[in-house]
Amino acid sequence: MSDFRRSCIEQTLLIGTFAAIPHPVAIEVTAASGVDFLCIDWEHSQIGRERIEDLIRAADVHRVPAMVRVPGHAAEDIATVLDAGAAGVLVPRVSTAEQARAAVKATRYPPLGARGVGPGRAAAYGYRIPDYLAKANVELVLAIQVETAEGLANIAEIVAVDGIDLIFIGPGDLSVSIDAMGPAGEDRLHAAISTITKTALSAGRAVGIFRPSADDIGAWSEAGISFFMLASDTMFLGAGLAAGVDAARVDGERVNKKER
Ligand code: 3PY
Ligand code: MG
């Protein structure tokens with residue numbers, strides 16, 4: 001089994017981030033930061049299919065597992081990113097056990113699933129297909145997102161689906177879907193996240209969540225969540241730049257009193 005999948009399944013603390021900047025330089029900078037993994041976000045950023053393979057390659061240079069969040073449930077998209085060498089896949093908006101089973105079918109080779117065999121990068125462009133077939137089912141991480149009211153209602157059936165490694169909570173979509181946005185919805189959102197977490201953990205599934213900042217990682221770890229997607233490269237770039245500009249302005253204006 002890959003170290004990445006073992007760590008996911010054994011619920012070791014893992015800290016990663018979304019990669020939304022479609023350039024290998026951004027991937028290399030992110031990979032060198034000390035993250036345990038990164039997740040190329042094909043759902044919410046403008047990244048083309050060919051570029052995804054180059055982004056995975058850039059993460060591989062640093063030996064950081066790169067998973068990909070696919071845009072939807074299409075088996076072809078899951079096959080594409082796995083053929084490109086992704087360490088795992090994150091499938092968004094899984095709301096029923098049937099959708100969870102379809103994700104397993106697309107990710108796993110027979111007998112667990114029905115993924116097609118091909119000469120992609122993951123199989124050394126066709127030179128190591130038998131080697132890849134022998135290890136893919138045990139090495140690849142399959143994470144599904146539960147982030148809708150329907151998914152919340154069906155959580156017990158979803159977590160019971162064999163072949164899923166990790167239930168990943170998307171608090172943004174979940175808050176919109178259950179009408180729990182903003183401070184007024186905080187308690188309801190918290191309760192929904194706790195329900196998903198407890199149900200998944202009691203079925204033996206690891207749990208992950210997106211957090212925009214590191215402030216409450218400890219609190220969610222105490223609740224049993226072990227896999228954290230901390231913001232994204234674009235969010236860190238924006239926050240880092242804004243903090244630097246603010247600090248420079250304060251220090252500069254301390255001595256430069258001229259009006260703008
Ligand atoms: C959400 O918050 O909806 C997400 O999908 C975060 O990854
Ligand atoms: Mg979402």
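Heavy-atom basis, side chains included; hydrogens, waters and symmetry copies ignored. It should be emphasised that the depicted structure is a prediction, and the values quoted were computed from it without experimental measurement. Note that ligands are numbered from 1 as they come in the structure, with each ligand's atoms numbered from 1 the same way.
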Basic-acidic side-chain contact under 4.0 Å: Arg6, Asp3 | yes
NZ/NE/NH1/NH2 to OD/OE distance under 4.0 Å, Arg121 and Asp54 | no
Should the heavy atoms of other residues, nucleotides or ligands under 6.0 Å from NE2 of His44 be counted, would the total exceed 12?
-> yes
Nearest-neighbour protein heavy atom for atom 2 (O) of ligand 1, which is reported as residue plus atom name and distance = Gly172 N, 2.7 Å
Less than 3.5 Å between some nitrogen or oxygen of Phe210 and one of ligand 1, yes or no?
-> no
So is there a nitrogen or oxygen of Phe168 less than 3.5 Å from a nitrogen or oxygen in ligand 1?
-> no
For ligand 1, is there an atom lying under 4.0 Å from some heavy atom of Gln145?
-> yes
For Arg69, is the nearest heavy atom under 4.0 Å from an atom of ligand 1?
-> yes
Going by the atom numbers of ligand 1, which of them fall below 4.0 Å from some non-hydrogen atom of Glu147?
-> 1 (C), 3 (O), 4 (C), 5 (O)
List every atom of ligand 1 that sits less than 4.0 Å from any heavy atom of Asp173, numbering the atoms from 1 in the order shown and giving each element.
-> 1 (C), 2 (O), 3 (O)
So, Glu43 and the Mg ion (ligand 2): N/O/S under 2.8 Å, yes or no?
-> no
Which single N/O/S atom of Asp173 lies at minimum distance from the Mg ion (ligand 2)?
-> OD2
Do you know which N/O/S atom name in Glu147 is closest to the Mg ion (ligand 2)?
-> OE1
With under 30° as parallel and over 60° as perpendicular, where do the rings of Tyr132 and Tyr109 fit, or are they tilted in between?
-> perpendicular
